[in-house]
Q: 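To start, I am sharing the structure in question, which I have written as C-alpha cells.
In this chain, numbering begins with 1 at the start of the sequence shown. Worth saying up front: this structure is predicted, and the values here are computed from it rather than measured.
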Amino acid sequence: QLVESGGALVQPGGSLRLSCTSSGFTLDFYAVGWFRQAPGKEREGVSCASYNSNITHYADSVKGRFTISRDDAKNTVYLQMNSLKPEDTATYYCAAAYYYETCVSGRVAVWGKGTLVTVSS
C-alpha cells in the first residue's frame, strides 16, 4: 500500500512537501506519480516520474511550481509544492504504475488514500 502525509492548511504563496511511503512492496521499478481531486471535480494528474526519474511530467497548471522526486532507499516519493494557489486545494493521491506512460494516462497499479491540501488565507 501507499501512505501519503504532509497535507495541511497553508496560505496562498506558501509551500508544502508531500510524502508517500510504500509498504509491502518496493518502489524501485515502478513509475510514481501524484494526482489530485478538488471538491466537485474529477481526479487529475499532477506529476509522474519514471522508475529512474530520468523522465518527469507535470500538468501545465503546476509546471514550474511543483517538483516530484523519489528516494528509493526509503521507498518514498515526494511532491514539493511552492507558490501555492487557492486552486491547488484538493486531496492529493500518490500512485505507483508499471510504466511511466501508464502513470501519465492515469492507469496506475496502486493508489494511496490521499492527503488533504487546503490553500486559503
Side-chain angles (χ1 to χ4, degrees):
Q1 62 176 4
L2 297 171
V3 179
E4 303 93 336
S5 61
L9 170 63
V10 62
Q11 292 188 343
S15 297
L16 276 179
R17 188 177 80 158
L18 305 183
S19 300
C20 168
T21 301
S22 69
S23 64
F25 71 104
T26 60
L27 290 172
D28 300 42
F29 299 105
Y30 286 84
V32 292
W34 289 93
F35 296 75
R36 67 185 182 186
Q37 186 168 20
K41 295 188 177 182
E42 293 187 356
R43 185 154 51 188
E44 63 175 355
V46 174
S47 180
C48 287
S50 61
Y51 77 98
N52 58 6
S53 296
N54 281 356
I55 311 172
T56 55
H57 168 80
Y58 295 93
D60 288 343
S61 58
V62 307
K63 206 169 290 184
R65 299 188 298 122
F66 290 11
T67 302
I68 189 171
S69 61
R70 60 192 296 165
D71 184 342
D72 288 342
K74 295 182 179 180
N75 275 328
T76 300
V77 183
Y78 304 99
L79 184 68
Q80 178 66 44
M81 305 186 295
N82 299 327
S83 302
L84 283 162
K85 305 175 181 180
E87 51 263 44
D88 294 318
T89 295
T91 298
Y92 284 71
Y93 298 89
C94 177
Y98 294 123
Y99 303 103
Y100 169 77
E101 293 80 3
T102 57
C103 180
V104 174
S105 65
R107 291 176 291 133
V108 303
V110 184
W111 288 101
K113 294 187 182 300
T115 186
L116 179 62
V117 173
T118 304
V119 185
S120 175
S121 55

Q: Is it true that D60 and K63 have a side-chain N and a carboxylate O under 4.0 angstrom from each other?
A: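 Yes.
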
Q: Using modelled atom types only, decide if a donor and an acceptor are shared between the side chain of T89 and the backbone of V119 within a distance under 3.5 Å.
A: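 Yes, T89 side chain to V119 backbone: donor-acceptor pair under 3.5 Å.
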
Q: Pair S120, L9 - check side-chain contact (heavy atoms from CB on, under 4.5 Å), show working.
A: CA-CA 7 Å; S120 175; L9 170 63; 4.2 Å; yes

Q: Just wondering, do V46 and M81 contact through their side chains at under 4.5 Å, heavy atoms?
A: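 No, their side chains stay 4.5 Å or more apart.
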
Q: Could you pull out the closest heavy-atom pair between L79 and S47, with the gap in Å?
A: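 Here L79 and S47 meet closest at CD1-CB, 4.4 Å.
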
Q: Is K41 atom NZ crowded by more than 12 heavy atoms from other residues, nucleotides or ligands, each under 6.0 Å away?
A: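 No.
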
Q: What distance do S22 atom OG and K74 atom NZ have between them, rounded to the nearest 0.5 Å?
A: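 Going from the OG atom of S22 to the NZ atom of K74 covers 13.5 Å.
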
Q: Honestly curious: do V62 and Y78 fall in one hydrophobic cluster under the side-chain, below-4.5 Å linking rule?
A: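 No, it is not one cluster - the side chains of V62 and Y78 are not joined through contacts under 4.5 Å.
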
Q: Using a cut-off of 6.0 Å, state whether more than 12 heavy atoms not belonging to Y93 lie near its atom OH.
A: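 Enclosed: over 12 neighbouring heavy atoms sit under 6.0 Å from OH of Y93.
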
Q: Indicate yes or no: at least one non-hydrogen side-chain atom of F25 is less than 4.5 angstrom from one of L2.
A: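 Yes. Closest side-chain heavy atoms under 4.5 Å.
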
Q: Quick one: do V32 and Y99 end up in the same hydrophobic cluster if we chain Ile, Leu, Val, Met, Phe, Trp and Tyr together by side-chain heavy atoms under 4.5 Å apart?
A: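 V32 and Y99: one cluster.
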
Q: Inspect the surroundings of CZ in F29 and state if more than 12 heavy atoms from other residues, nucleotides or ligands are less than 6.0 Å away.
A: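 No - once you tally the heavy atoms of other residues, nucleotides and ligands closer than 6.0 Å, there are 12 at most.
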
Q: Any side-chain heavy atom of H57 within less than 4.5 Å of one from Y100?
A: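 The answer is yes; the side chains approach within 4.5 Å.
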
Q: Between G45 and A59, which heavy-atom pair has the shortest distance, and what is it?
A: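 Residues G45 and A59, closest heavy atoms: O-CB, 3.5 Å.
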
Q: Tell me if a side-chain donor or acceptor on S53 pairs with a main-chain N or O of A49 at a distance below 3.5 Å.
A: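 No, the answer is negative, given that no donor and acceptor are paired below the 3.5 Å cut-off.
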
Q: Does Y51 reach the side chain of Y30, with side-chain heavy atoms less than 4.5 Å apart?
A: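 Not in contact.
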
Q: I68 versus C48: any side-chain heavy-atom pair under 4.5 Å?
A: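 They are not in side-chain contact.
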
Q: What are the two closest non-hydrogen atoms of G106 and W111, and how far apart are they?
A: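 Taking G106 first and W111 second, the nearest heavy atoms are O-CZ2, 4.1 Å.
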
Q: Would you call E4-K113 a salt bridge at under 4.0 Å N-O?
A: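 Result for this pair is no, no salt bridge flagged.
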
Q: Where the side chain of R36 meets the backbone of V117, is there a donor-acceptor pair that is under 3.5 Å apart?
A: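 No, R36 side chain to V117 backbone: no donor-acceptor pair under 3.5 Å.
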
Q: For the CG atom of L18 and the CZ atom of F66, what is their distance to the nearest 0.5 Å?
A: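 It is 8.0 Å, given to the nearest 0.5 Å.
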
Q: Can you name the closest pair of heavy atoms from T115 and G7 and give their distance?
A: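 Shortest heavy-atom separation between T115 and G7 comes out as OG1-N, 3.1 Å.
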
Q: Would you name the heavy atoms of A97 and T102 that are closest together and state the gap between them?
A: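 In this case the closest contact between A97 and T102 is CB-OG1, 3.6 Å.
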
Q: Using 0.5 Å steps for rounding, measure from the CD atom of Q1 to the OG atom of S23.
A: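 That separation rounds to 4.0 Å.
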
Q: Side chains of C20 and W34: closer than 4.5 Å at any heavy-atom pair?
A: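 The answer is yes; the side chains approach within 4.5 Å.
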
Q: If we ignore hydrogens and angles and just use 3.5 Å, is the side chain of R70 paired with the main-chain N or O of S50 as donor and acceptor?
A: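 Looks like yes, one N/O pair under 3.5 Å.
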
Q: Around atom OH of Y58, are there more than 12 heavy atoms of other residues, nucleotides or ligands at under 6.0 Å?
A: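 Counting neighbours around OH of Y58, more than 12 heavy atoms of other residues, nucleotides or ligands fall under 6.0 Å, so yes.
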
Q: Stepwise, does the side-chain contact (heavy atoms from CB on, under 4.5 Å) test hold for V110 with Y98?
A: CA-CA 9 Å; V110 184; Y98 294 123; over 6 Å; no

Q: Would a 4.5 Å heavy-atom cut-off, applied to side chains only, mark D28 and N75 as touching?
A: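 SC-SC contact between D28 and N75 confirmed.
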
Q: Work out which heavy atom in S83 is nearest to a heavy atom in R65; give both atom names and the distance.
A: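 Heavy atoms of S83 and R65 come nearest at O-NH1, 2.9 Å.
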
Q: Within this structure, what is the SG-CZ distance for the pair C103 and F35, rounded to the nearest 0.5 Å?
A: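 With rounding to 0.5 Å, SG (C103) is 4.5 Å from CZ (F35).
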
Q: How many angstroms lie between CZ in R17 and CG in N82, if you round to the nearest 0.5 Å?
A: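 Rounded to the nearest 0.5 Å, the CZ-CG separation comes out at 11.5 Å.
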
